[in-house]
Amino acid sequence: MFNDLKNKKVLVTGSTKGIGLAAALEFARQGAVVGINSHVMDAAAEEAIAQAESLGADFAFFQHDLSKSEECAALINEFVEKFGGLDVLVNNAGGLGIRAGLESLDDAAYDLVFDLNIRSVVMTTKYAIPHLKESAARSGTTAAVISTGSIAGREGGGPGASLYGGSKAVIHNLHRTWVKELTTSNIRFNVVAPGTIDTAFHDDKSPELKEKIRNSIPMGRFGTSEECAPAYLFLASHQASGYITGQVIDVNGGQMCP
Ligand code: NAD
């Protein structure tokens with residue numbers, strides 16, 4: 001469907017499980033060269049590597065904790081050194097960080113959530129820009145940055161997730177400014193905002209709470225990571241979305257219609 005993704009050099013951060021893994025594997029199925037990333041080399045990373053290998057993908061795993069600026073720089077450098085360029089950056093690494101109400105928030109919680117969800121996106125994108133400019137100039141089309149936002153970035157997080165929801169709202173907004181700064185360099189910036197997707201992200205929720213959430217979704221169920229993946233491919237493909245930039249694409253089963 002997205003023929004022009006073949007041989008594109010695509011880095012997906014936070015991609016050893018969940019939404020990032022589903023997107024990385026789908027890019028690989030389209031013939032893209034894929035960078036898989038996590039902060040840890042754990043069982044999930046081993047399984048992700050095994051899955052990419054079984055697809056016969058041209059890929060590499062890069063272990064970097066993207067809540068640290070120097071590791072964002074190192075990730076981009078290593079990817080470009082290995083594959084000779086970068087055409088598409090997917091900023092997906094992120095997470096809840098901590099569930100705590102406003103009255104119990106402290107500096108450590110603030111740093112944890114904002115470093116994981118905002119520093120990672122800002123710094124990884126900053127270091128990617130020179131390579132994305134080169135990619136766009138070389139191809140005569142557009143390079144793409146796609147970041148994972150959230151329904152929480154639109155309507156606020158649930159109780160205890162104010163920093164998380166706020167951090168995702170920042171991501172939605174950052175992209176709107178980057179469109180103003182970098183569209184002349186032929187780089188497109190878009191966000192995929194998942195609703196409630198069945199991943200490890202929800203492991204801390206009780207069965208009762210999960211049922212309550214399911215009942216709030218018009219489609220009556222959580223989404224799957226595989227149902228999110230095509231939105232990333234669409235936004236990465238110049239052929240499919242070359243005139244789309246600065247947008248937030250919601251993948252949420254109707255849970256919220258902005
Ligand atoms: P997940 O926990 O299944 O996967 C997270 C991935 O990010 C893992 O590969 C993990 O190793 C990696 N990661 C975590 N911290 C990292 C770090 N510091 N540096 C590098 N990699 C790191 O989670 P998921 O549900 O697939 O979430 C993926 C993205 O989607 C996140 O940004 C999350 O906020 C967002 N999101 C998820 C949902 C949902 O319902 N699952 C909804 C909206 C947005």
Side-chain angles (χ1 to χ4, degrees), residues 11-24 35-45 48 61-79 89-102 104-129 145-175 177-178 189-205 225 228 232 248 251:
L11 172 58
V12 185
T13 71
S15 47
T16 54
K17 53 186 177 166
I19 296 167
L21 175 60
I36 292 175
N37 155 257
S38 171
H39 57 311
V40 281
M41 173 44 111
D42 57 2
F61 171 72
F62 302 91
Q63 184 182 344
H64 284 293
D65 177 350
L66 302 182
S67 62
K68 299 181 173 71
S69 297
E70 65 275 15
E71 299 218 23
C72 300
L75 171 63
I76 295 296
N77 285 341
E78 285 172 26
F79 181 95
L89 171 65
V90 177
N91 290 306
N92 174 74
L96 180 65
I98 188 170
R99 194 177 291 283
L102 174 60
S104 51
L105 289 179
D106 56 16
D107 285 346
Y110 182 97
D111 289 346
L112 175 73
V113 179
F114 281 16
D115 284 353
L116 174 60
N117 291 329
I118 304 178
R119 184 187 300 279
S120 61
V121 172
V122 171
M123 292 301 164
T124 307
T125 306
K126 169 195 153 94
Y127 290 112
I129 290 298
V145 174
I146 304 141
S147 299
T148 303
S150 174
I151 190 171
R154 293 225 189 246
E155 61 176 20
S162 62
L163 292 179
Y164 174 74
S167 69
K168 291 297 184 177
V170 169
I171 291 175
H172 293 192
N173 201 281
L174 287 168
H175 283 56
T177 302
W178 292 342
F189 296 89
N190 290 291
V191 171
V192 175
T196 308
I197 309 303
D198 192 9
T199 71
F201 188 97
H202 301 288
D203 281 355
D204 72 332
K205 295 191 171 80
S225 296
C228 295
Y232 294 87
V248 178
V251 184

Next on the checklist: Using the rule given for side chain to side chain contact (heavy atoms under 4.5 Å, CB included), can you reason through K17 versus T199, listing the C-alpha separation, both sets of side-chain angles and the distance that settles it, and then say yes or no?
Outcome noted: CA-CA 8 Å; K17 53 186 177 166; T199 71; over 6 Å; no

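- Counting only heavy atoms from C-beta outward, the side chains of P194 and I19 approach each other to under 4.5 Å.
- Atoms NZ and CD, from K168 and E155 in turn, are 14.5 Å apart once rounded to the nearest 0.5 Å.
- Shown here for V145 and H175, the closest heavy-atom pair between the two residues is CG1-NE2, 4.1 Å.
- Dense packing is recorded around CG of D106, with more than 12 heavy atoms of other residues, nucleotides or ligands lying under 6.0 Å away.
- Rounding to the nearest 0.5 Å gives a distance of 10.0 Å between CG of L174 and CG of N91.
- Between the side chains of Y232 and T148, at least one donor N or O lies within less than 3.5 Å of an accepting N or O.
- Between the CD1 atom of I76 and the NE2 atom of H64 there is a distance of 9.5 Å, given to the nearest 0.5 Å.
- Side-chain contact between R99 and K205 is present, with heavy atoms from C-beta onward closer than 4.5 Å.
- Distance check, rounded to the nearest 0.5 Å: OG of S38 to CG of L66 gives 9.0 Å.
- Note on ring orientation: taking the six-membered ring where Trp is involved, the planes of W178 and F189 are tilted (angle from 30° to 60°).
- In this structure, L112 CG and L163 CG are separated by 9.0 Å, a value rounded to the nearest 0.5 Å.
- A pairwise comparison of heavy atoms in A93 and S120 identifies O-OG, 4.1 Å as the closest pair.
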